[in-house]
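Below, chain A is the first sequence line, B the second, and so on; all start at residue 1.
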Amino acid sequence: MSERSNFITDIIDADIANGLPASQIATRFPPEPNGFLHIGHAKSICLNFGLALQYGGRCHLRFDDTNPAKEDIAYVESIQNDVRWLGFDWGDHLHFASDYFERMFEIANGLIDKGLAYVDSQSVDEIREQRAGFGKPGTNSPFRERSIEENRDLFAKMRAGDFEDGSHVLRAKIDMTHPNMVMRDPLLYRIRHITHHRTGDAWCIYPMYDFAHCLEDAIEGITHSICTLEFESARELYDWVLDAVGGWDPLPHQYEFARLKLDYTVMSKRKLLRLVEDGTVSGWDDPRMPTIAGLRRRGVTPEAIRAFAEMVGVAKNNTVVDYGKLEYCIRQDLEARTQRAMCVLNPLKVELRNWPKDFVDKLQVPWRPDGDESREIPFSSTLFIERDDFSEEPPKGWRRLAPGAEVRLMGAYLIRCQEVVRGDDGAVERLICTVDLHSRGGQAADGRKVKGTLHWVSEAHAATVSVRLYDRLFSAANPEADPDVDFVTQLNPNSLKTQPDAKIEPAVATCDPGERFQFVRQGYFIADTNDSKPGAPVFNRVIGLRDSWAKAPKTDGRPTRKKAKKRDDKPSNKRTRAEVRSAARAENPALQSAMDHFVGEWKLSESDADLLSADLDLIAFVKAAVASHGTPAPVASWVVNQLLGVIKDTPVASLLCNGTQFGQLVSLVEAGGVSKSAARNVLGHMVESGRDPAVLIDELGVGRQEDAGLVDEAVDAVFTEHPSEVERFLGGDQKLMGFFMGKTMRALRGRADGQAVRTALLSRLK
RNA sequence: UCGGGGAUCGUCUAAUGGCAGGACUGGAGACUCUGAAUCUCCCUAUCUAGGUUCGAAUCCUAGUCCCCGAACCA
């Protein structure tokens, strides 16, 4: 099952490869019940539940209800409703953080017993002050060294309700000088005399997120705890708490991905709430809102949202998704599922001069161009067409109606405009047309082609309905670009236009709330679930059809997106790694003397010497390697360019291989015993196993082969296997050299020099 | 100021030292009883500079830019 692939599935695949049974894979979607879900949450829901489906694991819906001040049971219900509507099932796994309060309390006591937590009795301000700032060490609380007994006693009293809000907190005892601010004795519990929506007044102390969340995961057996990027710094504390408590199996791990951001909207609960409270929108489910409820009311389907989540992918890049992608997914989904109907939004009357008065032709028109089912549409002497479909002075390329022009009325007859009747104000009041009585169904008897096809309704049979035309809520691609400009000033004044007198064909005039249609040549519409009355639907436009005619006057359809303006841009004078090394040398004469030695005696470049003298272990490693090999320069180059890349952040001291072995490897390369590419492979094994290079080369069978026949054989095999590539190369596609090199080198397992292989390939490809 | 992340077509995302691919957008055309849909073709990208390598988006080095973190919020 690899329908989806991203950095999270890579991690899970690796975990499974290391023995984690796929059925044990457990994720969770952990909303706080303090607001409505929006499309950003939908991405997270699709990710977490999708992963569970993909791997045959499970996904929990868990309410992270640790702050009763902001939460409400109403949200608990709306969130469940939204997740279910999106098409996901949590089975038995509906959980609440509040269900674990007792267990968390015990765990906190356990931390106190281990000397890893203490009750602090300072004010918020004092605690904040002691945490100092970025780059500055914090100071310890005067209460940090309270005895275990006193801490237990105080904590029990906190729970018992003996103290007022804010008088005491429980903190983890970690490190007030920790470079990660999150680790400076974080708060674990605070006192809140507030009624909780589930536990009532049973508790007056509530756990903080950083303490509670990892425990919730661990208690539920979550394996992959996926959250958004802003929690990256919190991961260290997540791991600390679980480690401090100990004994978890499986041990959950936190992974972070980029939350969804979309053009032309805002996503923060606070800002959405403001739109609701200001009355800018009609509520959380206003069809213009990016909330799940809003999207649903707008007429968007869960399938479209899931397709969108799939399309935007999962990564760590902080990005903004083009609104057009969402629109594409909505159109694509609705295109496939909707019946077609005719509705004239802005009617213009058409009288047919030569149509038999009072005669009504009952036409059968298919619901979909590709379907068999049809409905009846009455045709009579007076019709409505769209006002926009008539032009007195048509521009070049106009296919619609104009004086003297002929068009097709969809599914009906061809008509020609004979006369324009004006009202007193000079505006076009109605059109007098003639109809080709031999064109029933839309085809001319003489076979002449008519380009334009219009939608229409019969005046006498049409129903009048109210139609709401929605558009993007904001007119600026990034309404939050400038922090000095209130985002509400960026609202799109035309995000809602109501057309109360639209004329609709009788077959859909009595449709049920929730029914969706494509109004031909207009867009996709849904009978609003709230405002429709029986027999009197009110329609919402979900989205308009693409219109390549309307945008023909060359506007670049690509959105112009303003970059977010920074509030204060002060120059960064972060210490660079080079500066850190230089400072270390200034402090430690042993490092400096090694540096001097590398430059003075070994004649290495300043930059290589700088890197190699980073720490004492590395220096010892390099010296041993040079001693074994004999010449500094090649060893230095191999250390810098190969070893540093292989070992990444692992300290040299913890490597299993030593400098002497490394020197041997470099010697073997130079003596021709092993090719460079094979040697890189051997190096990887060496640092992990600590075994001699010669042994590894032997064991892996990657020793260099002088035999030219071996190379030719491999080249032949590659050519025979990929004849079309050979042809393309011979046709001039030079890029394929890399392809052949890769295939051949892999086949040879690096037993020959790249140079030699290239030469062989080139000579055979002549 | 310290720590943690991130930079690939206009947008989103692949490529885990071996043909920079896909989708959206945009452009051109075909088809069409929806100027829709569909189909075909096309434009456009590896942050910069050095280095290692037969070969670098990927490894090393230096630099640039962006995001997050100092709530008794989550």
Side-chain angles (χ1 to χ4, degrees), chain A residues 5-6 10 30 32 34 64 66-67 69-70 124 127-128 131-136 138 165-166 169 178-182 184 187 189-192 208-209 213 229-236 256 258 263 311-322 324-325 328 331 335 340 369 397 399-400 408 410-411 441-443 450-455 518 520-522 545-550 552 556-559 561 564 572-578 607 611 637 640-642 644-646 676-677 680 725 728 733 735-743 745-746 753-759:
Chain A
S5 163
N6 53 55
D10 290 348
E32 183 184 15
N34 71 342
D64 208 0
T66 57
N67 184 4
K70 301 204 274 175
V124 196
I127 290 174
R128 197 189 351 253
R131 247 198 287 262
F134 299 132
K136 282 170 279 188
D165 287 8
V169 289
H178 202 287
N180 181 357
M181 296 300 270
V182 171
R184 318 255 254 224
L187 271 58
Y189 270 91
R190 78 290 217 187
I191 301 172
R192 281 276 162 87
M208 302 285 292
Y209 170 86
H213 202 90
L229 251 28
E230 67 269 25
F231 291 96
E232 274 170 334
S233 307
R235 186 176 60 235
E236 197 171 3
E256 311 87 12
D263 289 295
M311 185 182 269
V312 301
V314 177
K316 298 189 80 146
N317 299 345
N318 227 309
T319 51
V320 183
V321 174
D322 191 338
K325 278 195 174 62
Y328 171 82
R331 285 196 187 101
E335 151 71 24
R340 310 298 142 100
R399 293 191 199 164
R400 283 111 100 147
R408 171 168 32 241
M410 191 180 231
Q443 296 293 356
V450 174
K451 269 256 175 190
T453 303
L454 310 185
H455 58 284
Q518 184 199 90
V520 156
R521 305 209 307 129
Q522 300 282 354
L545 253 27
R546 283 188 59 181
D547 188 350
S548 56
W549 168 253
D556 185 357
R558 292 167 173 168
R561 204 185 266 171
S572 157
N573 24 343
K574 257 188 165 58
R575 281 210 314 173
T576 65
R577 291 208 254 178
S607 63
L611 285 169
S637 169
V640 169
N641 287 300
Q642 308 303 334
L644 292 186
V646 169
K676 283 172 193 165
S677 65
R680 277 191 286 269
E725 278 79 6
R728 270 167 62 204
D733 196 347
K735 287 181 301 185
L736 284 164
M737 194 60 205
F739 170 79
F740 292 128
M741 278 297 293
K743 292 280 180 222
M745 290 299 281
R746 201 152 302 147
D753 271 341
Q755 193 68 263
V757 173
R758 175 174 291 266
T759 311

Discussion item. At 4.0 Å (heavy atoms only), tell me whether A:Gly397 reaches a base, stays on the sugar-phosphate, or touches nothing.
Written reply: base

Discussion item. Measure CZ/A:Arg546 against C1'/B:U32 and give the value in whole Å, please.
Written reply: 16 Å

Response to the item:
Separation of B:G3 atom P from A:Arg131 atom CZ, nearest Å, is 19 Å

Discussion item. What's A:Pro369 touching, base or sugar-phosphate or nothing? Going by heavy atoms closer than 4.0 Å.
Written reply: base

Discussion item. Please classify the nucleic acid contact of A:Met208 as base, sugar-phosphate, or nothing, using heavy-atom distances under 4.0 Å.
Written reply: sugar-phosphate

Worksheet item: Between A:Asp753 (CG) and B:G55 (C1'), how many Å, whole number?
Response: 13 Å

Item to complete: Please confirm whether the backbone N or O of A:Gly138 pairs with a side-chain atom of A:Arg131, one donor and one acceptor, at under 3.5 Å?
Response: no

Item to complete: Could you check if a side-chain atom of A:Ile127 sits within less than 4.5 angstrom of a side-chain atom of A:Val169, using non-hydrogen atoms only?
Response: yes

Worksheet item: Within less than 4.0 Å of OP1 or OP2 of B:C73, is there a side-chain N or O belonging to A:Thr66?
Response: no

Item to complete: Using a heavy-atom cut-off of under 4.0 Å over every strand shown, decide if A:Ala578 touches base, sugar-phosphate, or nothing.
Response: sugar-phosphate

Worksheet item: Just by distance, do the side chain of A:Asn180 and the backbone of A:Val182 share a donor-acceptor pair under 3.5 Å?
Response: yes

Practice prompt. Using whole Å, report how far CD of A:Glu236 lies from P of B:C2.
Written response: 17 Å

Worksheet item: According to a strict under-4.0 Å criterion, is A:Lys136 in side-chain N/O contact with OP1 or OP2 of B:A70?
Response: no

Worksheet item: Across the strands shown, which category fits A:Val314 at heavy-atom distances under 4.0 angstrom: base, sugar-phosphate, nothing?
Response: sugar-phosphate

Worksheet item: When the distance from CG of A:Asn67 to C1' of B:A71 is rounded to whole Å, what number comes out?
Response: 10 Å

Worksheet entry | A:Lys316 or A:Gly452, whichever maps to the more 5' nucleotide of RNA chain B | A:Lys316

Practice prompt. Using both distances under 3.5 Å as the test, list the Watson-Crick or G-U wobble partner of B:A45, or none.
Written response: none

Worksheet item: Should B:G55 form a Watson-Crick or G-U wobble pair with both distances under 3.5 Å, which nucleotide is its partner?
Response: none

Item to complete: Mind checking A:Lys451 for me? I need base, sugar-phosphate or nothing, with any heavy atom below 4.0 Å counting as a touch.
Response: base

Discussion item. So, under a plain 3.5 Å distance rule, would you say the side chain of A:Lys325 forms a donor-acceptor pair with the base of B:U11?
Written reply: yes

Practice prompt. Output yes when at least one side-chain N/O atom of A:Ser677 is less than 4.0 Å from OP1 or OP2 of B:U53, else no.
Written response: no

Worksheet item: Contact class for A:Gly645 vs. all strands (heavy atom < 4.0 Å): base, sugar-phosphate, or nothing?
Response: sugar-phosphate

Item to complete: Return no unless some side-chain N or O of A:Lys676 is found under 4.0 Å from OP1 or OP2 of B:C54.
Response: yes

Discussion item. Is there aromatic stacking of A:Trp549 on B:G35 here, judged by a ring-centre distance under 5.5 Å and a plane angle under 30°?
Written reply: yes

Practice prompt. Tell whether A:Asn641 reaches the base of B:G51 with its side chain through a donor-acceptor pair below 3.5 angstrom.
Written response: yes

Discussion item. Any side-chain N or O of A:Tyr209 below 4.0 angstrom from OP1/OP2 of B:C73?
Written reply: no

Discussion item. Could you tell me how far B:C59 sits from B:G18 if I compare only their P atoms? Round to whole Å.
Written reply: 11 Å

Practice prompt. Using only side-chain N and O atoms of A:Asn34, determine if any of them is under 4.0 Å from OP1 or OP2 of B:A74.
Written response: no

Discussion item. Does A:Val520 reach a base, just sugar-phosphate, or nothing at all? Heavy atoms under 4.0 Å.
Written reply: base

Practice prompt. Compare side-chain N and O positions of A:Arg190 against OP1 and OP2 of B:A74 and report whether any pair is under 4.0 Å apart.
Written response: yes

Worksheet item: Taking for each residue the nucleotide of RNA chain B bearing the nearest heavy atom, is the 5' side occupied by A:Ile191 or by A:Gly324?
Response: A:Gly324

Discussion item. If you define the side chain from C-beta out and look only at heavy atoms, does anything of A:Met311 sit under 4.5 Å from A:Tyr328?
Written reply: yes

Discussion item. Please classify the nucleic acid contact of A:Leu611 as base, sugar-phosphate, or nothing, using heavy-atom distances under 4.0 Å.
Written reply: sugar-phosphate

Discussion item. Using the P atom as the point on both nucleotides, what is the distance between B:G27 and B:U8, in whole Å?
Written reply: 25 Å

Worksheet item: Within the structure shown, what part of the strands sits under 4.0 Å from A:Glu725 by heavy-atom distance: base, sugar-phosphate, or nothing?
Response: base

Worksheet, complete the sentence: When both distances are under 3.5 Å in a Watson-Crick or G-U wobble arrangement, the nucleotide paired with B:C2 is B:G69

Fill in: Sidechain-backbone polar pair: A:Arg408 side chain, A:Gly442 backbone, donor-acceptor under 3.5 Å
yes

Worksheet item: Going by heavy atoms in the side chains, are A:His213 and A:Asp64 under 4.5 Å from each other?
Response: yes

Discussion item. Could you check whether the side chain of A:Arg192 and the base of B:C72 have a donor-acceptor pair of N or O atoms closer than 3.5 Å, going by distance alone?
Written reply: no

Practice prompt. With heavy atoms under 4.0 Å as the rule, sort A:Val169 into base, sugar-phosphate or nothing.
Written response: base

Fill in: Pairing partner of B:A30 (Watson-Crick or G-U wobble, both distances under 3.5 Å)
B:U38

Worksheet item: Any donor-acceptor pair under 3.5 Å between the side chain of A:Arg400 and the base of B:G35?
Response: yes

Worksheet item: Over how many whole Å does the gap from A:Asp322 atom CG to B:A23 atom C1' extend?
Response: 12 Å

Practice prompt. Take atom P in B:C67 and the same atom in B:C73, then report the distance between them in whole Å.
Written response: 27 Å

Discussion item. Using a 5.5 Å cut-off between ring centres and planes within 30 degrees, is A:Phe134 stacked on the base of B:G69?
Written reply: yes

Worksheet entry | Interatomic distance where CZ belongs to A:Arg728 and C1' belongs to B:C19 [whole Å] | 6 Å

Discussion item. Please classify the nucleic acid contact of A:Met311 as base, sugar-phosphate, or nothing, using heavy-atom distances under 4.0 Å.
Written reply: sugar-phosphate

Worksheet item: When A:Leu545 is tested against each of A:Gln518, A:Glu335, A:Arg331 for side chain to side chain contact (heavy atoms under 4.5 Å, CB included), which residue passes?
Response: A:Gln518

Practice prompt. Answer yes or no: is there a side-chain heavy-atom contact under 4.5 Å between A:Arg521 and A:Met410?
Written response: no

Discussion item. So if I take every side-chain heavy atom of A:Glu335 and compare against B:A71, B:C12, B:A37, which nucleotide ends up nearest?
Written reply: B:A37

Worksheet item: Counting any heavy atom closer than 4.0 Å, what does A:Asp733 reach on the DNA or RNA strands: base, sugar-phosphate only, or nothing?
Response: nothing

Practice prompt. Indicate, with a heavy-atom threshold strictly under 4.0 Å, whether A:Glu256 touches base, sugar-phosphate, or nothing.
Written response: nothing

Fill in: Short side-chain N/O contact from A:Arg680 to OP1 or OP2 of B:G17, under 4.0 Å
no

Worksheet item: With distance as the sole criterion, do the side chain of A:Arg408 and the base of B:G35 form a donor-acceptor contact below 3.5 Å?
Response: no

Worksheet item: Expressed in angstrom and rounded to an integer, what is the separation of A:Phe231 atom CZ from B:C67 atom C1'?
Response: 15 Å

